[in-house]
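Before we start, here is the structure in question, set down as structure tokens.
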Amino acid sequence: MQEQGNGMYALAKELFPICRSITGNGVRETFHILKKYYAEIKIHEVPTGTQVFDWTIPKEWNIWDAYIEDEAGNRIVDFKKNNLHILGYSTPIDQWMELPDLLEHIHTLPKQPDLIPYMTSYYKERWGFCMSQNQKNSLKNGKFHVVISSALKNGSLTYGEIIIPGKTEEEIFLSTYICHPSMANNECSGPALVIYLANYIQKLQERKYTYRIILVPETIGALAYLSDHLDSMKKNIIAGFNITCVGDNRAYSLVKSRYGSTLADKVMKNVLKYHDPAYLEYSFLKRGSDERQYQAPGVDLPVVCFCRSKYHVYPEYHTSADDLSLISAEGFQGSYDVMIKCIEALEHNEKYQVTCLGEPFLGKRGLIPTISGKDTSLQAEAQIVKNVVAYADGRNDLLDLSNIIEAPTEDIIPIIEKLKEADLLKLF
Amino acid sequence: MQEQGNGMYALAKELFPICRSITGNGVRETFHILKKYYAEIKIHEVPTGTQVFDWTIPKEWNIWDAYIEDEAGNRIVDFKKNNLHILGYSTPIDQWMELPDLLEHIHTLPKQPDLIPYMTSYYKERWGFCMSQNQKNSLKNGKFHVVISSALKNGSLTYGEIIIPGKTEEEIFLSTYICHPSMANNECSGPALVIYLANYIQKLQERKYTYRIILVPETIGALAYLSDHLDSMKKNIIAGFNITCVGDNRAYSLVKSRYGSTLADKVMKNVLKYHDPAYLEYSFLKRGSDERQYQAPGVDLPVVCFCRSKYHVYPEYHTSADDLSLISAEGFQGSYDVMIKCIEALEHNEKYQVTCLGEPFLGKRGLIPTISGKDTSLQAEAQIVKNVVAYADGRNDLLDLSNIIEAPTEDIIPIIEKLKEADLLKLF
Amino acid sequence: MQEQGNGMYALAKELFPICRSITGNGVRETFHILKKYYAEIKIHEVPTGTQVFDWTIPKEWNIWDAYIEDEAGNRIVDFKKNNLHILGYSTPIDQWMELPDLLEHIHTLPKQPDLIPYMTSYYKERWGFCMSQNQKNSLKNGKFHVVISSALKNGSLTYGEIIIPGKTEEEIFLSTYICHPSMANNECSGPALVIYLANYIQKLQERKYTYRIILVPETIGALAYLSDHLDSMKKNIIAGFNITCVGDNRAYSLVKSRYGSTLADKVMKNVLKYHDPAYLEYSFLKRGSDERQYQAPGVDLPVVCFCRSKYHVYPEYHTSADDLSLISAEGFQGSYDVMIKCIEALEHNEKYQVTCLGEPFLGKRGLIPTISGKDTSLQAEAQIVKNVVAYADGRNDLLDLSNIIEAPTEDIIPIIEKLKEADLLKLF
């Protein structure tokens with residue numbers, strides 16, 4: 001079953017070619033596409049110069065073309081073929097220069113000599129090109145025509161927000177980012193998953209929680225959003241997930257919160273240990289995405305980061321090898337399933353209490369067999385019934401129960417429904 | 001030394017032939033024997049139909065005979081040779097039938113084809129026979145005369161209770177069950193041990209605690225007892241032990257309480273780790289006997305379950321192989337010794353405090369050697385003396401001391417007595 | 001760099017020849033030497049007969065000569081060649097005796113037959129000699145002239161105290177002992193290190209804490225000091241270190257406090273894990289020096305014991321093999337460095353809080369690089385900067401920060417200074 005996986009892959013493929021950065025028209029174009037999949041995204045613009053905590057919204061950057069031509073007129077580097085060739089936020093230039101002068105502006109990955117790196121210089125004005133180390137090694141002396149048709153001007157930073165109200169003001173928070181150029185896992189995958197989750201949540205019957213979902217430029221966008229919404233976020237959010245690098249098909253990764261003990265940590269650890277016991281847990285020391293802001297001292301939101309292969313860790317990270325072949329419908333589907341399990345577990349995460357003293361008489365209610373002997377071993381379901389009843393003492397929420405009785409929440413939830421119907425269980 | 005072990009084995013052997021069930025004359029006959037070993041057992045009868053929490057006391061079941069005869073008049077199955085042949089609580093029948101009809105009422109253990117299983121149907125009226133899979137396979141077509149001379153009528157459930165008062169109203173609680181037909185470890189062993197413990201406790205000088213000892217039919221008997229005594233049990237019991245399968249000579253087993261942190265867990269873990277470090281700890285998820293009731297939410301008594309080979313785990317469990325060859329005087333003696341150590345540790349489980357500042361001058365009191373050098377290494381006893389004094393800070397009870405200083409309680413208790421005589425230690 | 005190591009070795013060498021005991025002129029002579037290295041040692045005398053908690057200050061012992069001569073006039077044992085030959089606190093004697101009578105007063109180490117043991121009998125009047133097992137085996141029948149020129153008379157016990165005041169009355173406490181005859185690691189090393197630490201502390205700029213440093217006869221001296229100063233010590237000491245066996249060059253050892261959770265444990269564990277991850281932790285059950293008194297119930301000072309090779313553990317312990325070849329400048333320097341790191345960590349052990357919400361903009365302040373890409377990996381220092389900021393939430397002191405972010409305090413302290421200068425960090 002990869003129904004959603006196929007859809008997310010198609011969306012990611014549509015987003016892939018756009019040259020995004022932390023500001024500019026690439027972000028707006030991205031939202032134009034996303035709205036085809038989920039219409040109710042509210043777009044916000046934050047003007048250049050706005051102070052957001054310790055930071056300032058930078059100038060808006062746009063780029064139309066960039067290339068390096070040799071004396072024979074060959075375009076040895078062409079932004080239109082791969083937008084990673086340009087150092088993000090490069091200032092404009094149109095100039096002939098000798099090789100040694102050019103080389104000072106060329107960035108490569110010596111350890112991965114075939115690949116183009118992804119690099120940026122948001123807060124110091126520079127220009128530069130990125131290419132493979134092999135290409136750099138092949139450059140011969142001569143003159144080069146260096147052209148960057150870009151603009152760095154006052155403008156605004158663009159982000160998107162989806163609010164799906166529930167029965168309570170308490171919120172579950174999802175965040176991802178839309179500021180990376182043509183890389184697939186990091187980061188066409190995050191927006192694709194988040195949009196599909198929004199569609200799932202929209203259809204959820206009996207939705208207890210309100211869902212706040214944001215798609216922001218990384219770091220500066222998260223800070224801009226926090227700076228405007230911190231009070232209500234601190235008041236309402238019970239668990240949040242920064243979602244990134246979720247399209248590949250390797251191990252699941254959890255980057256824990258600062259102390260690893262929020263409800264978001266609890267639900268994600270619980271879901272992942274049953275979904276795939278080989279999942280990886282990273283300490284907050286290994287953070288790197290917007291969990292840095294959401295978990296900063298004084299912000300203190302209960303947020304973890306969820307990935308398949310974690311940023312910084314997988315070899316294709318921040319290179320031209322992070323392309324559409326790295327992600328897959330299977331990879332997306334797994335991430336989607338994990339997030340749906342987290343959402344369902346949170347929606348049902350109540351404390352339950354058995355209604356009678358001593359074990360209830362389950363046999364007369366058809367909940368366990370009426371003949372007892374050594375080989376009439378309890379079915380798995382009957383064992384879960386007995387264990388739920390044994391630990392439904394008002395102390396344990398659904399996640400505690402799942403951890404204690406060693407059964408996944410998706411197996412426990414229907415049993416709790418049955419026991420409630422039989423009046424054997426009530427909310428504590 | 002197996003003085004008590006031999007006695008318990010003899011008692012178990014006397015109990016073995018009786019056909020017990022959760023009600024009926026087998027239970028009463030059992031108490032008749034037990035009273036020869038400990039006279040002060042108070043017998044109670046709870047009438048059929050009495051509501052006990054979510055359950056109802058069932059009809060009383062008695063059985064006089066049961067057999068299957070073939071057309072030649074051969075008794076191919078005979079209750080009088082082995083009472084496991086009858087499905088517990090079988091309704092009466094006297095009928096000729098063809099093999100296929102009979103087979104619907106035959107229960108076997110396909111995985112242990114030589115053995116007769118022990119099976120019951122207390123709460124749904126049925127009749128049935130148990131036999132070995134091998135015997136079932138050997139049955140040939142023909143007519144069979146099926147006879148069960150049983151009665152299922154209003155009557156009562158029988159249980160026994162021993163109260164041995166101490167200096168305080170606080171109680172130590174022992175429970176075992178008397179509802180199993182001819183199986184030795186499970187469950188002639190539990191009543192035999194409990195009766196011997198009652199004799200020990202009766203003779204205890206300076207008994208601090210009151211002891212409440214019950215022998216009840218499993219599950220329904222425990223529920224019946226709880227339903228009548230819950231308030232005083234919750235008020236008084238400081239530690240309790242459900243005692244079952246204690247006659248064989250294999251590993252010791254502890255089934256922990258719901259959260260593993262009651263005083264009963266603490267004392268039993270402490271005693272077993274010194275008595276036999278290879279003992280087995282089972283989580284409450286592996287419960288199966290009356291600890292299910294004593295530790296149910298809302299009942300919450302501080303009770304663990306103590307076994308040698310745990311029910312459900314040993315291969316002879318609930319089969320005809322659980323016979324007198326499975327249990328032994330050695331096995332009983334080990335269980336007895338463990339329980340005595342638990343009782344003694346609880347009776348002395350006070351918090352102690354040293355009476356002086358700095359180390360006491362033990363040398364002048366003859367408690368450690370007066371010449372000091374590298375090879376005049378402290379005897380084990382002297383080391384315990386020093387360590388008791390070092391940790392007798394009012395924070396630690398006897399069990400804490402034993403855990404911290406890595407010495408068994410039976411070695412510490414006499415040292416504490418010496419230190420109290422020397423006025424170096426007082427109760428906190 | 002062994003600048004201090006060389007000095008401490010020279011001091012230990014000067015202390016080595018003196019015959020010290022828990023009382024007597026050897027102790028006074030020792031202080032005479034120590035004052036050349038640190039003048040401000042205050043000397044105290046506690047008279048014989050003074051009650052100190054459960055103990056009494058014993059008579060003062062002095063010794064001038066001791067030997068055993070055979071009939072030919074050969075001195076087969078001579079105190080002047082090695083003062084370990086005498087059982088500490090031996091009463092005087094001048095007598096001819098046969099070998100069997102002599103042998104009752106000869107102490108050896110059968111398991112280390114080449115070595116002379118160190119032995120004492122402080123609290124029971126005896127006389128005795130110590131020699132190697134090999135020498136004892138070689139003794140032939142005959143008469144022996146046994147001479148001990150000693151005196152055991154009313155006098156006093158001598159100890160030294162250094163107080164170095166700081167900005168607050170809160171104290172850091174150092175203790176070592178000066179009661180052992182000619183053994184190098186145990187115990188010329190402790191006084192040598194403590195005197196060098198006193199010199200370091202004296203020169204410390206901005207010293208927050210007051211330092212209380214004592215050099216006492218082991219056990220009875222510690223008790224005597226405690227009995228006079230307990231109230232102020234309990235009020236003021238935040239962390240203390242009993243320092244012994246610190247001159248050899250083997251593993252570092254920490255003997256933890258009674259429950260292992262004082263500030264002294266915390267700082268010492270933190271420093272040692274970075275300084276030498278192969279360091280050894282011993283439970284308080286392995287105590288043996290004055291931590292026995294400082295951590296006795298009711299005394300409860302936050303004190304640990306710091307050693308290189310721990311007393312009782314290293315093979316040369318309490319033998320003639322504990323000589324000047326066992327200790328070294330390298331060994332001393334390592335111990336010195338560890339103690340300095342502990343002192344510096346305690347002096348800076350504040351709780352810090354970041355001054356802004358969200359991550360501070362470190363790039364504009366030159367604290368991290370301004371170009372970002374996969375291979376512009378953060379320098380170690382930049383990573384520490386980011387992690388300090390991430391965990392400076394007012395909850396963690398310097399030691400917590402060091403433990404959490406996995407960086408030694410000596411690397412964090414200068415970064416905290418930089419962040420404070422940039423107004424990004426403040427005291428909580």
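Within every chain, numbering begins at 1; the chains are lettered A, B, ... in the order of the sequence lines, protein sequences first and strands thereafter. Basis for what follows: all heavy atoms, side chains included, without hydrogens, waters or symmetry-related copies.
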Pair B:Phe129 and B:His85, ring centroids less than 6.0 Å apart: no
Validation: residues 405-428 of chain A side-chain donor-acceptor distances under 3.5 Å, sequence neighbours left out:
| from | atom 1 | to | atom 2 | distance (Å) |
| --- | --- | --- | --- | --- |
| A:Glu410 | OE2 | A:Lys341 | NZ | 3.3 |
| A:Lys418 | NZ | A:Glu381 | OE2 | 3.0 |

Please check if the distance between the ring centroids of B:Tyr123 and B:Trp55 is under 6.0 Å. yes
Compare all side-chain heavy atoms of A:Tyr279 with those of A:Lys269 and state whether any distance is below 4.5 angstrom. yes
Taking the six-membered ring for Trp, are B:His312 and B:His318 closer than 6.0 Å centroid to centroid? no
Max heavy-atom pair count under 4.5 Å with chain A, selected residue of B:Leu223, B:Leu285, B:Val52, B:Leu87: B:Leu285
Note: vs chain A, highest number of non-hydrogen pairs under 4.5 angstrom among B:Arg287, B:Arg258, B:Gln293, B:Arg292 is B:Arg258
Can you tell me how far apart CG (B:Leu157) and CD (B:Glu60) are? Round to the nearest 0.5 Å. 9.0 Å
So which bits of residues 345-360 of chain A come within less than 4.5 Å of chain B, counting non-hydrogen atoms only? A:Val354, A:Cys356, A:Leu357, A:Gly358, A:Glu359, A:Pro360
Which residues from residues 295-310 of chain B are near chain A, with near meaning under 4.5 Å between non-hydrogen atoms? B:Ala296, B:Pro297, B:Gly298, B:Val299
Using non-hydrogen atoms and a 4.5 Å limit, figure out which bit of B:Leu226 sits close to chain A: side chain, backbone, both or neither. neither
Is a donor from one side chain sitting under 3.5 angstrom from an acceptor on the other, for A:Glu170 and A:Asn236? no
Value for OG (B:Ser257) from OH (B:Tyr294), rounded to nearest 0.5 Å, stands at 15.0 Å
Interface residues of residues 387-397 of chain A facing chain B - non-hydrogen atoms under 4.5 Å apart: A:Asn387, A:Val389, A:Ala390, A:Tyr391, A:Ala392, A:Asp393, A:Arg395, A:Asn396
Distance-only side-chain donor-acceptor flag, B:Ser132 / B:Asn134, under 3.5 Å: no
Is A:Glu206 salt-bridged to A:Lys167, cutoff N-O under 4.0 Å? yes
Can a donor-acceptor pair be found between the side chains of B:Asn186 and B:Tyr177 at a distance below 3.5 Å? yes
I would like to know whether B:Glu125 and B:Lys59 meet salt bridge (charged side-chain N to carboxylate O under 4.0 Å, His left out); could you show each step before the answer? CA-CA 11 Å; B:Glu125 297 197 4; B:Lys59 289 178 183 165; 3.7 Å; yes
In plain terms, say whether A:Arg250 and A:Glu330 are close enough for a salt bridge, that is, a side-chain N and a carboxylate O under 4.0 Å apart. no
